[in-house]
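Encoded as structure tokens, the structure appears first; notes follow it.
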Amino acid sequence: MQLREPVVTQPTKTALYSARRAGDLTSWIPSPATGGPWRQGFQHGGPPAGLLARAAERAIAGSGLSATRLSIDLHSPIPQRPLEVLAEVARQGRRVAVVASRLLADGSEVARATALFLRPADHPPLPSFLGAGADLPAPDLGQEVESMIPRRWAQRLPPGFHFEVEVRWSQQDQRPAAWIRMPMALVEGENTTPFQRAAILADFGNAVTGRSRQLQADDGFGYINVDINLHLVRPPVGDWIGLWTQSAMAEGGISQSQVAMYDDCGRCGTVGLASLLQPRSPGAAQRSVDGER
């Protein structure tokens with residue numbers, strides 16, 4: 001792909017979370033922008049993923065290790081209420097570290113993650129195995145910025161993060177792709193790190209895959225992902241992160257997808273997601289109560 005000078009602009013919208021400290025305890029207060037598309041009052045998977053990535057990074061700060069994998073289980077709906085994040089270093093070595101983190105709402109665990117950090121070395125990169133020409137072109141900055149949500153669904157969904165990000169859609173080799181930018185910080189008063197941004201936007205791999213014909217029948221149903229498995233060969237650079245569907249399959253209400261992650265300098269990682277069939281309409285979503293995940 002054609003390389004560009006990486007550009008990171010200043011946030012233009014309110015941060016996703018603000019901190020509230022009481023003694024040794026810090027609670028993370030979600031802004032309205034953290035809302036998810038499935039049910040009013042619950043968060044999108046991306047912002048909480050950012051909090052888990054942030055906790056893991058801070059647990060090994062100063063080690064010189066690079067974030068290589070983040071595996072998140074989104075096993076419960078995450079309410080738009082104050083959250084707590086707990087992180088524990090499971091292993092700390094010279095070349096490898098593992099951090100386990102948990103996300104709590106009202107004292108109950110709603111998500112958990114394991115992060116793997118490795119020590120980079122000065123060694124030339126290996127060639128990609130995608131084949132000649134199989135790369136996601138850089139975003140066309142002259143293209144109109146769109147919403148993550150198709151227009152025909154927009155009126156049916158509650159407000160939230162899915163409407164806040166900036167998207168430039170494309171189609172490569174008949175597979176949906178999107179370049180996505182966050183116009184806000186993860187935490188008020190902090191710079192969002194590349195690892196945090198990758199973790200947050202990786203959740204949109206499910207929405208990008210949902211553009212494929214196999215998963216997008218407009219029958220009142222979609223697929224809600226219950227995990228995020230992010231692998232990075234290096235931290236992404238620049239504002240825009242590209243997600244390009246590599247494979248997707250669904251049977252019996254269960255979907256699995258693989259999505260390639262790109263930045264200004266080329267491919268930087270891979271996202272894997274497992275998803276469950278879920279009603280889209282507000283009425284059906286309300287009847288499902290806590291059965292989203």
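Quick note: numbers below take in every heavy atom, side chains included, and nothing from hydrogens, waters or symmetry partners. Note that the numbering runs from 1 along the sequence shown for the chain.
- Side chain to side chain, T34 and Q80 meet the donor-acceptor criterion of an N or O pair below 3.5 Å.
- Partners of F161 by ring pair (Phe, Tyr, Trp, His ring centres under 6.0 Å), not counting sequence neighbours, listed by chain and number: H44, F204.
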What do the steps show when you test T193 against E57 for side-chain hydrogen bond (donor to acceptor under 3.5 Å, both in side chains), and what is the final call? CA-CA 9 Å; T193 69; E57 272 189 314; 2.8 Å; yes
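- At a threshold of 4.0 Å, the pair D106-R81 counts as salt-bridged, since one of the basic side-chain nitrogens sits closer than that to a carboxylate oxygen.
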Would you please test S18 and R20 for side-chain hydrogen bond (donor to acceptor under 3.5 Å, both in side chains) and show each step? CA-CA 7 Å; S18 58; R20 183 174 67 193; over 6 Å; no
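- In the hydrophobic clustering of this structure, V226 groups with I254; members are Ile, Leu, Val, Met, Phe, Trp, Tyr whose side-chain heavy atoms approach within less than 4.5 Å, directly or through other members.
- With S275 as the fixed residue, the side chain to side chain donor-acceptor pair (under 3.5 Å) test singles out one of D227, N225, T209, N206: N206.
- No donor-acceptor pair closer than 3.5 Å links the side chain of T192 to the backbone N or O of R197.
- Annotation: the span from L74 atom CG to Q43 atom CD amounts to 11.0 Å, rounded to 0.5 Å.
- Formation of a donor-acceptor pair under 3.5 Å by the Q143 side chain with backbone atoms of W169 is found in this model.
- Salt-bridge annotation for E190 and R54: present, with a side-chain N of the basic residue lying under 4.0 Å from a carboxylate O of the acidic one.
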Check against salt bridge (charged side-chain N to carboxylate O under 4.0 Å, His left out), D73 and R112: CA-CA 5 Å; D73 292 320; R112 62 172 56 196; 5.5 Å; no
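- Taking the side chain as every heavy atom from C-beta outward, F117 and F195 approach each other to under 4.5 Å.
- Between E164 and K13 there is a salt bridge, with a side-chain nitrogen of the basic residue lying less than 4.0 Å from a carboxylate oxygen of the acidic one.
- A 4.5 Å side-chain heavy-atom check between I78 and L83 finds at least one atom pair inside the cut-off.
- A donor-acceptor pair shorter than 3.5 Å cannot be found between the side chains of E109 and S76.
- Counting heavy atoms of neighbouring residues, nucleotides and ligands inside a 6.0 Å radius, atom CZ of R119 exceeds 12 of them.
- Here the closest heavy-atom approach between residue T245 and residue V259 is recorded as N-CG1, 4.3 Å.
- A side-chain donor from one of S71 and R69 sits under 3.5 Å from a side-chain acceptor of the other.
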